[in-house]
Amino acid sequence: KKEPFHNLEHKARTKDGRLIWVLTNGLPVLDDHGTFLGYRGSDSDITERKRLEEILKKEQQELKLIIDSSPIIVFYKDKKGKFIRVNKTFAEALKLPEEEFLGKTVFDLYSAKIAQGMTNDDQEVIKSGHPKLNIIEQYESASGIRWVQTDKIPICDKNGIPFGLIGFAQDITDRKQAEEKFREMTGRLHLATISAKAGV
């Protein structure tokens with residue numbers, strides 16, 4: 001029995017020899033006795049659409065390469081705070097496969113206190129529709145507590161309504177440790193100065 005077919009994409013050659021992409025829909029044609037005679041249908045030239053799809057696919061592959069090659073943590077979340085995608089830097093920091101992040105929230109990865117702070121920032125970005133930049137926060141990596149400086153930017157639909165966010169987090173642990181050492185040294189110097197003035 002011949003069945004109808006829909007949205008069949010294939011290549012075809014035009015009369016002038018050009019190779020194009022065609023979208024074909026067809027219905028079987030039967031005679032009065034139910035004998036199959038052939039198909040009738042329609043063809044649409046979708047060459048331009050396929051070209052744009054290839055460009056988009058290439059751009060997505062290049063973007064993925066850039067994101068995965070970045071030393072900065074990159075992540076995407078939906079409006080409920082669930083991870084949609086993370087890059088290799090993030091996955092390696094937590095020693096987890098990238099796919100294990102999908103569908104999870106920060107409460108599945110971190111202690112409640114740290115996770116709540118991150119969630120509050122996420123919801124602020126989603127509700128306001130505005131980025132939140134230079135967030136200084138901690139997270140629990142496989143090697144221990146790390147400090148990061150995070151930017152969170154809403155992802156909006158065509159009507160400007162946020163449906164998720166993208167985040168970029170740069171590790172600043174070395175800087176924070178250096179700042180802490182500087183404060184300690186300054187504090188000791190201050191105490192030494194006071195002691196010297198007091199004649200101790």
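No experiment lies behind these values; they were computed from the predicted model shown.
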Review point. Between the side chains of Asn120 and Glu124, is a donor N or O closer than 3.5 angstrom to an acceptor N or O?
Key: no

Check your understanding: Is the cationic atom of Lys77 (NZ for Lys, CZ for Arg) positioned less than 6.0 Å from the six-membered ring centroid of Phe83 and within 45 degrees of its normal?
Key -> yes

Exercise for review: Give a yes or no on whether Asp32 atom CG has more than 12 heavy-atom contacts from other residues, nucleotides or ligands under 6.0 Å away.
Suggested key: no

Review point. Do you see a donor-acceptor pair shorter than 3.5 Å between the side chains of Arg146 and Thr173?
Key: yes

Check your understanding: Looking only at heavy atoms, what is the nearest atom pair of Glu98 and Ala91, with distance?
Key -> CG-CB, 3.7 Å

**Study point:** Arg51/Glu54 under salt bridge (Lys or Arg N to Asp or Glu O under 4.0 Å): CA gap, chis, key distance, verdict
**Key:** CA-CA 5 Å; Arg51 185 182 72 82; Glu54 285 299 316; over 6 Å; no

Point to revise | Minimum heavy-atom distance between Val22 and Asp43, given as atom pair plus value | key: CG1-CB, 3.6 Å

Review point. Are any non-hydrogen side-chain atoms of Leu94 and Leu109 less than 4.5 angstrom apart?
Key: yes

Revision key, fill the gap. OG (Ser70) and CG (Asn87) are apart, to the nearest 0.5 Å, by 6.0 Å

Review point. Counting distance only, does the side-chain N/O of Asp121 pair as donor-acceptor with the main-chain N or O of Met118 below 3.5 Å?
Key: no

Practice item. Please assess Asn25 against Leu8 for the test side-chain contact (heavy atoms from CB on, under 4.5 Å), listing each intermediate value before the final yes or no. Key: CA-CA 6 Å; Asn25 291 285; Leu8 175 64; over 6 Å; no

**Study point:** Which atom of Leu102 lies closest to which atom of Ile84, heavy atoms considered
**Key:** CD2-O, 2.8 Å

Practice item. With salt bridge (Lys or Arg N to Asp or Glu O under 4.0 Å) as the test, would you mind laying out the steps for Lys80 and Asp78 before giving the verdict? Key: CA-CA 5 Å; Lys80 293 182 179 180; Asp78 65 17; over 6 Å; no

Practice item. Look up atom CD in Gln170 and atom CZ in Arg175, then write down how far apart they are to the nearest 0.5 Å. Key: 8.5 Å

Practice item. Check the pair Gln116, Phe107 against side-chain contact (heavy atoms from CB on, under 4.5 Å), reporting the backbone distance first and the verdict last. Key: CA-CA 8 Å; Gln116 189 60 60; Phe107 286 97; 3.3 Å; yes

Review point. What do the steps show when you test Gln123 against Val125 for side-chain contact (heavy atoms from CB on, under 4.5 Å), and what is the final call?
Key: CA-CA 5 Å; Gln123 290 305 307; Val125 171; over 6 Å; no

Point to revise | Chi angles and distances behind the salt bridge (Lys or Arg N to Asp or Glu O under 4.0 Å) call for Glu9, Lys50 | key: CA-CA 10 Å; Glu9 296 181 2; Lys50 295 294 286 185; 3.0 Å; yes

Check your understanding: Does any N or O in the side chain of Asp122 come within less than 3.5 Å of the main-chain N or O of Lys79, such that one atom is a donor and the other an acceptor?
Key -> no

Check your understanding: After noting the C-alpha distance and the side-chain angles of Asp151 and Lys132, does the key distance pass the salt bridge (Lys or Arg N to Asp or Glu O under 4.0 Å) rule?
Key -> CA-CA 6 Å; Asp151 295 337; Lys132 188 165 186 179; over 6 Å; no

Practice item. Would you mind reporting whether Glu140 and Ser111 have side-chain heavy atoms less than 4.5 Å apart? Key: yes

Check your understanding: Taking C-beta and beyond as the side chain, do Tyr139 and Val148 meet within less than 4.5 Å on heavy atoms?
Key -> yes

Exercise for review: State, to 0.1 Å, how close Ile126 and Pro162 come at their nearest heavy-atom pair, and which atoms those are.
Suggested key: O-CG, 3.4 Å

Exercise for review: For Ser141 and Ile145, indicate whether the former's side chain and the latter's backbone hold a donor-acceptor pair under 3.5 Å.
Suggested key: no

Point to revise | From CG (Asn7) to OG1 (Thr24), nearest 0.5 Å | key: 9.5 Å

Point to revise | Partner residues of Phe163 under the ring pair (Phe, Tyr, Trp, His ring centres under 6.0 Å) criterion, sequence neighbours left out | key: none

Practice item. Report yes if some heavy atom in the side chain of Leu165 is under 4.5 Å from a heavy atom in the side chain of Tyr76; otherwise report no. Key: no

Exercise for review: Mind checking the CZ-CD1 spacing from Phe168 to Ile135? Nearest 0.5 Å is all I need.
Suggested key: 12.5 Å

Check your understanding: What pair of heavy atoms forms the shortest contact from Ile114 to Gln138, and how long is it?
Key -> CG2-O, 3.4 Å

Review point. Backbone N or O of Glu92 within a donor-acceptor pair of the Lys95 side chain at under 3.5 Å?
Key: yes

Check your understanding: Hey, any chance Leu96 and Phe75 share a hydrophobic cluster, counting ILVMFWY side chains that come within less than 4.5 Å of each other, even indirectly?
Key -> yes

Review point. In Å and rounded to the nearest 0.5 Å, what is the CZ to CG distance from Arg40 to Leu27?
Key: 5.0 Å

Point to revise | In one Ile/Leu/Val/Met/Phe/Trp/Tyr side-chain cluster, 4.5 Å: Ile155, Ile72 | key: yes

Exercise for review: Report the C-alpha separation of Phe36 and Asp31 in whole Å, then their side-chain angles, then the decisive distance to 0.1 Å, and conclude whether the side-chain contact (heavy atoms from CB on, under 4.5 Å) test is met.
Suggested key: CA-CA 7 Å; Phe36 176 72; Asp31 64 15; over 6 Å; no

Point to revise | Straight-line distance of Glu48 CD to Trp21 CH2, nearest 0.5 Å | key: 14.5 Å

Point to revise | Atom of Val106, atom of Ala115 and distance for their closest heavy-atom approach | key: CG2-O, 3.5 Å

